[in-house]
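First up is the structure itself, then whatever we jot down about it.
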Protein chains: 2
Amino acid sequence: MGDKKLEKHKYRTIRDYIKKRIQIGKYPVGGYLPSENELCNRFGITRTTVRKALDELLKEGFIVKEQGKGSKVIERGKSLGLLTVKGISGSIDYEVETIVTEPPRIVGWDPIIPFSLTDEEKESQCVYFQRVRNINGRPVVLENNWYSLNALGLIKSDEFVDGSFFKTLSREYLIEIMGAEQELRSKPASIDVAKNLNIHEGAPILHISVRFRTSRAGLNLYGDLYCDTSEYPIRNSYFL
Amino acid sequence: MGDKKLEKHKYRTIRDYIKKRIQIGKYPVGGYLPSENELCNRFGITRTTVRKALDELLKEGFIVKEQGKGSKVIERGKSLGLLTVKGISGSIDYEVETIVTEPPRIVGWDPIIPFSLTDEEKESQCVYFQRVRNINGRPVVLENNWYSLNALGLIKSDEFVDGSFFKTLSREYLIEIMGAEQELRSKPASIDVAKNLNIHEGAPILHISVRFRTSRAGLNLYGDLYCDTSEYPIRNSYFL
DNA sequence: AAATATTACTTGTACGTACAAGTTGGAATA
DNA sequence: TATTCCAACTTGTACGTACAAGTAATATTT
């Protein structure tokens with residue numbers, strides 16, 4: 001029962017064990033992990049190895065460490081360098097309401113995607129869905145999404161956890177975002193985009209093309225976002 | 001001579017020593033650091049401690065490790081999640097020509113900066129300079145920059161290493177970028193911006209406001225960028 | 001000469017120990 | 001009662017050891 005792998009790379013075993021418990025909601029966000037010594041006893045390994053595992057989780061943004069207290073589980077994605085929408089007044093992040101305007105369905109790949117697909121992706125059909133994000137009831141981001149059907153299968157929109165696709169992947173499928181590539185352009189809004197965002201045709205909008213890489217082999221998420229930044233700018237921060 | 005600090009946090013001492021050697025060009029980019037065992041002998045410490053120091057340099061993007069070979073010094077900033085300009089044809093990054101259109105001079109803070117200044121910064125005057133970045137001879141990015149005079153002093157544009165302000169900070173002042181916050185908006189070009197970028201007034205441009213945090217206490221770099229993304233999109237990637 | 005094996009390096013993982021430093025809550029004290 | 005102190009936790013740093021695994025040049029064998 002996987003004992004061979006348990007012998008090698010013990011720290012990975014511990015790391016993945018803890019990660020899974022975080023993903024499924026044991027070890028809830030805001031709570032503390034068992035102490036390092038307790039993990040040592042529980043798994044019969046040394047603190048060196050436990051600390052190596054925790055270091056990885058720290059790097060991946062699952063926990064923060066507090067000397068004298070413990071390792072706290074944090075909301076992942078906050079420290080992820082993702083582009084987020086920011087309210088213009090003050091520094092409060094507005095709560096964003098997400099509406100699925102086109103539920104997931106199986107289609108062919110859209111040539112608008114500016115990234116080169118892998119061979120597996122080209123051979124596969126893809127799942128497409130569209131969402132609009134509202135702030136204070138006004139549409140701000142129009143979002144088209146695609147992923148390879150072969151890599152994941154069709155997820156229905158009523159499965160979405162809190163309306164979030166990423167949270168669904170994490171909680172239900174234990175898939176995490178490993179990184180992303182983005183391209184940003186400033187463009188005049190097309191008629192279609194203008195209609196969706198309730199702005200004038202030709203108004204400047206921020207067009208973001210993004211490919212998210214995930215922890216599942218072969219699964220990339222492609223996004224095509226149109227942002228009305230006139231009131232709410234897009235924000236991005238990162239730290240070492 | 002600093003022996004007290006050398007006793008505590010040895011790994012930081014080693015880390016900073018190696019970092020400095022990388023910054024000033026000993027330990028050149030592309031080369032390998034001394035082996036872990038050699039560093040152990042040289043500093044009279046254990047490999048555990050040396051590895052901890054190297055781990056930090058790895059996280060900070062100064063080196064990569066190659067099992068069986070050694071720790072290789074890499075060009076920092078590549079792995080930094082900074083927004084970069086990308087050529088549209090193929091995946092080749094174009095070489096960007098940087099022109100200083102307004103050499104550094106001492107002025108007051110510009111209210112256009114959308115970040116809240118620290119008290120020290122408010123009390124200080126600031127250094128301003130403007131640059132334009134050309135790709136294939138055509139202007140693509142207009143860039144205004146500010147930093148606190150008290151924190152750094154005036155750097156003349158002829159000091160710029162390869163025309164790069166960041167490289168100058170790293171090589172000459174041993175200051176590194178620790179992180180950044182950015183705000184992105186899509187806007188119509190003002191007359192002034194249009195003139196500088198040689199585009200129509202009102203054409204959609206990408207406006208980026210950025211604050212870079214540095215390793216020097218009290219020193220932030222504020223940027224106000226106007227990007228013509230019609231031909232060359234802005235690109236951003238990050239990985240865990 | 002070419003293929004193979006050895007050797008001497010490199011980093012990777014894991015063991016165990018010791019003490020420093022930060023946090024917290026309860027016991028002892030004022 | 002209010003304060004101080006301390007003991008029992010937590011994570012942080014550093015010591016030393018051992019062997020696995022990857023790399024590259026050299027020596028050996030075919």
Side-chain angles (χ1 to χ4, degrees), chain A residues 2-19 21-22 27-74 79 240, chain B residues 2-19 21-22 27-74 79 240:
Chain A
D3 289 293
K4 198 188 287 177
K5 204 184 178 187
L6 220 148
E7 281 312 305
K8 275 189 211 295
H9 301 312
K10 296 190 185 184
Y11 80 94
R12 292 189 191 174
T13 310
I14 314 302
R15 176 197 66 190
D16 293 341
Y17 170 84
I18 298 173
K19 187 188 291 185
R21 308 262 300 186
I22 292 175
Y27 300 159
V29 170
Y32 288 86
L33 297 184
S35 78
E36 294 176 355
N37 282 317
E38 192 170 331
L39 290 170
C40 293
N41 297 333
R42 196 175 298 180
F43 292 100
I45 56 177
T46 52
R47 211 174 133 223
T48 313
T49 307
V50 167
R51 282 180 66 79
K52 175 134 194 177
L54 294 181
D55 263 8
E56 299 251 317
L57 294 173
L58 184 70
K59 265 192 289 190
E60 293 179 27
F62 285 96
I63 63 171
V64 290
K65 307 195 81 180
E66 298 171 356
Q67 185 173 2
K69 299 181 75 177
S71 301
K72 187 196 282 181
V73 179
I74 59 173
S79 59
L240 288 184
Chain B
D3 289 293
K4 198 187 287 176
K5 204 185 177 190
L6 219 148
E7 281 311 305
K8 275 190 213 299
H9 300 314
K10 297 190 184 185
Y11 81 92
R12 293 188 192 175
T13 310
I14 314 302
R15 177 198 65 189
D16 293 340
Y17 170 83
I18 298 173
K19 188 189 290 184
R21 307 263 300 189
I22 292 175
Y27 300 160
V29 169
Y32 289 86
L33 297 185
S35 78
E36 293 176 356
N37 282 317
E38 193 169 333
L39 290 170
C40 292
N41 298 333
R42 194 174 299 180
F43 292 100
I45 56 177
T46 52
R47 209 172 136 224
T48 312
T49 308
V50 166
R51 282 180 67 79
K52 174 135 193 177
L54 294 181
D55 263 9
E56 298 252 315
L57 294 173
L58 185 69
K59 265 193 288 190
E60 293 179 27
F62 285 95
I63 63 170
V64 290
K65 308 196 82 179
E66 298 171 357
Q67 186 172 1
K69 300 182 74 178
S71 301
K72 189 196 280 182
V73 179
I74 58 173
S79 59
L240 287 185

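Predicted model, so just to flag it, every value in this text is computed and none were measured.
The two atoms that bring Lys65(B) and Ser71(B) nearest to each other are CE-OG, 3.4 Å, heavy atoms only. Residues Ile63(A) and Leu58(A) approach most closely at O-CD1, 3.3 Å, considering heavy atoms. When every heavy atom of Leu54(A) is checked against every heavy atom of Glu36(A), the shortest pair comes out as CD1-CG, 3.7 Å. In terms of heavy-atom proximity, Tyr32(B) sits nearest to Gly70(B) at CD2-C, 3.7 Å.
His9(B) has its NE2 atom 7 Å from the P atom of dA14(D), to the nearest Å. The separation between Leu54(B) atom CG and dT11(C) atom C1' is 10 Å, rounded to whole Å. Rounded to whole Å, atom P of dC15(D) lies 13 Å from atom CG of Leu39(B). Rounding to whole angstrom units, CD of residue Glu36(A) and P of dG16(C) are separated by 16 Å. In this structure, CG of Leu33(A) is placed 13 Å from P of dT10(D), rounded to the nearest angstrom. With rounding to whole Å, Asn41(A) atom CG is found 11 Å from dG16(C) atom P. In this structure, Lys72(B) places its NZ atom 14 Å from C1' of dT10(C), rounding to the nearest Å. Look at NZ on Lys52(A): it is 17 Å from C1' on dG12(D), rounded to the nearest Å.
Among the nucleotides dT11(C), dA14(C), dT11(D), the one closest to the side chain of Lys10(A) is dA14(C). Considering only the side chain of Arg51(A), dT11(D) comes nearest among dC15(C), dT11(D), dC15(D). Of the listed nucleotides (dG12(D), dC15(C), dG16(D)), dG12(D) has the atom at the smallest distance from the side chain of Arg47(A). Here dT10(D) is the nucleotide among dA14(D), dT10(D), dT11(C) with the atom lying nearest to any side-chain atom of Ser35(A).
Here Thr46(B) lies in heavy-atom contact (under 4.0 Å) with a base. Using a 4.0 Å heavy-atom criterion, one finds that Thr48(A) contacts the bases of the nucleic acid, with or without backbone contacts as well. Using a 4.0 Å heavy-atom cutoff across all strands shown, Tyr11(B) reaches sugar-phosphate atoms only and no base atom.
You'll find the side chain of Thr48(B) stays beyond 4.5 Å of the side chain of Thr48(A), heavy atoms only. Taking the side chain as every heavy atom from C-beta outward, His9(B) and Arg15(B) never approach each other to under 4.5 Å.
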*Take Ile18(B) and Tyr27(B) through the side chain to side chain contact (heavy atoms under 4.5 Å, CB included) test and state the conclusion after the steps.*
CA-CA 8 Å; Ile18(B) 298 173; Tyr27(B) 300 160; 4.1 Å; yes
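For the OP1/OP2 pair of dT10(D) and a distance below 4.0 Å, the side-chain nitrogens and oxygens of Ser71(A) include no atom meeting the criterion.
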What's touching nucleotides 20-23 of chain D from the protein side, N or O pairs under 3.5 Å?
| residue | atom | partner | partner atom | Å |
| --- | --- | --- | --- | --- |
| dA21(D) | OP1 | Lys8(A) | NZ | 2.1 |
| dA21(D) | N3 | Gln67(B) | NE2 | 3.4 |
| dG22(D) | N2 | Gly68(B) | O | 3.1 |

